[in-house]
Amino acid sequence: ASMKNLNHQALPWILEKVGTVTKYLAQTFTSMNPAFLFPNFIKDLGTAAIHLREDDKKELVKDAILTPKNLKGAFWAAFKQTRAVNEGKRVKQDFGGKTPEQIVASGNWDDIFSLFKAAGGKVSYFRHKPITELIEELQEIKSPKSRRFHTKFFDLVDELNTGIENSIRVSTFAAAIKSGRSLQESALIARNITVDFNQKGTLTQAFGSAYVFFGASVNSAHRLVKTFKRRGRNGSLKLLGGLVGLGALISFFNRMLDDDE
C-alpha cells in the first residue's frame, strides 16, 4: 500500500506552473501559518474521536486521545525527529530486538515514533511528494544555483505542524498495539483516524495542481459518506450535531487569533 501510485509521471508544463502557485497558497494556509497549529489540532482531535467511536476501536479512545501524557509524548517525539531529519541528522532506529508490545510498554516515545514510521503509519500533514518531484529536488540540491527558500521560522512552523499532525496518530498507534492488535493493523488504524493524504486517485495529481487541497477535500468527503453509512440515520444525525459544534469551536478559536476581532 505504501508503494501505491508511485508511478505518476510529470505533469504538463502548464499544470506544473499552475501547481507551483497552488502549492505556495496551500503552504501559506498550513506550513507557513502559525495560526494553523492549534485549530488543526482541535480539528484532528474531533475527527479522531468520531472515527474511533465507529466500531470496535472504541476501546482505544482513552489511551489515544483522552490521555494528555500520551499526546504530549507523541508530539515531542514527532517534532524532535522531524527537526533532526531537516537538519540532516541521522535518526537512530534500533529497537534492540524488542517486540512492538515491549516498545510501547517502555513508554519511550522516541522509539514508539520510530516504530510508527517503520510500520508505515506516518502521514505528512500536507501531502507526500511524488517521485518525480523528489527527483527534481535532488537535482536542485546538486545545482550550484540551488538556495534555501524557507527561513528558520517557517521551518519551525512546519516541524510543529508535522508534530501536531502525527501526535494523535502516534498515540492511537500505541493504543492499538497495547490493545493486542498487530503492527500492520495498528499502523492502518493510525493512518485513517484523520485524512490520509497518501490516498489519491489517478487524477488527483492533475486536479490538485489547479485546486488547493483538492485531494484532502475529496478524501474527507469520501470518509464522511462512509461514516454516515456505518452509523445509520440516527447515528448520522447525532454526528451532524457534533460536527456543527466542532465547527463552531474551531471558528471561535480562529476569531481569538484574528487581529481584527
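No hydrogens, no waters, no symmetry mates; every other heavy atom, side chains included, goes into these values. One is the number of the first residue; the rest follow in order along the sequence.
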Using links of under 4.5 Å between side-chain heavy atoms of ILVMFWY residues, direct or through other members, which residues join Val170 in one cluster?
-> Phe95, Ile103, Val104, Trp109, Ile112, Phe113, Leu115, Phe116, Phe173, Ile177, Leu183

Between Glu185 and Lys57, does at least one N-O distance fall below 4.0 Å, as a salt bridge requires?
-> no

Check ion pair Arg181-Asp56 (N to O, under 4.0 angstrom) = yes

Keeping [X] on the side-chain end and [Y] on the backbone end, is there a donor-acceptor pair under 3.5 Å?
X      : Y      : answer
Ser171 : Ser167 : no
Arg169 : Ala190 : yes
Thr67  : Lys62  : yes
Arg83  : Glu159 : no
Gln102 : Thr99  : yes
Arg191 : Ser186 : no
Asn108 : Asp111 : yes
Asn40  : Phe36  : no

Determine, step by step, whether Phe29 and Phe213 satisfy the side-chain contact (heavy atoms from CB on, under 4.5 Å) criterion, reporting the C-alpha distance in whole Å, the side-chain angles of both residues, the deciding distance to 0.1 Å, and the verdict.
-> CA-CA 10 Å; Phe29 292 131; Phe213 302 129; 3.9 Å; yes

Do you reckon [X] sits in the same ILVMFWY cluster as [Y], going by side-chain contacts under 4.5 Å, direct or chained?
X      : Y      : value
Tyr24  : Phe154 : yes
Val225 : Ile193 : no
Val61  : Leu71  : yes
Ile50  : Phe228 : yes

Mind checking the [atom1]-[atom2] spacing from [X] to [Y]? Nearest 0.5 Å is all I need.
X      : Y      : atom1 : atom2 : answer
Leu37  : Leu160 : CG    : CG    : 5.5 Å
Glu59  : Lys178 : CD    : NZ    : 11.0 Å
Thr22  : Gln27  : OG1   : CD    : 11.0 Å
Ser209 : Lys17  : OG    : NZ    : 13.0 Å
Leu60  : Leu66  : CG    : CG    : 11.0 Å
Phe79  : Asn161 : CZ    : CG    : 11.0 Å

Determine, stepwise, if the pair Thr194 / Lys43 fulfils side-chain contact (heavy atoms from CB on, under 4.5 Å).
-> CA-CA 9 Å; Thr194 61; Lys43 174 182 68 66; over 6 Å; no

Does the side-chain contact (heavy atoms from CB on, under 4.5 Å) test come out yes or no for Lys80 and Asp110, once each step is laid out?
-> CA-CA 9 Å; Lys80 288 187 296 182; Asp110 287 329; 3.5 Å; yes

Within 6.0 angstrom of Lys117 NZ, more than 12 heavy atoms from elsewhere | yes

Check: Thr172 and Leu52 side chains under 4.5 Å, non-hydrogen atoms = yes

Taking all non-hydrogen atoms of both residues into account, name the closest pair between His51 and Asn192 and its distance.
-> ND1-O, 3.6 Å

Output, in order, the C-alpha distance, side-chain angles, deciding distance and verdict of side-chain contact (heavy atoms from CB on, under 4.5 Å) for Lys122 and Thr162.
-> CA-CA 10 Å; Lys122 185 176 182 294; Thr162 301; 4.2 Å; yes

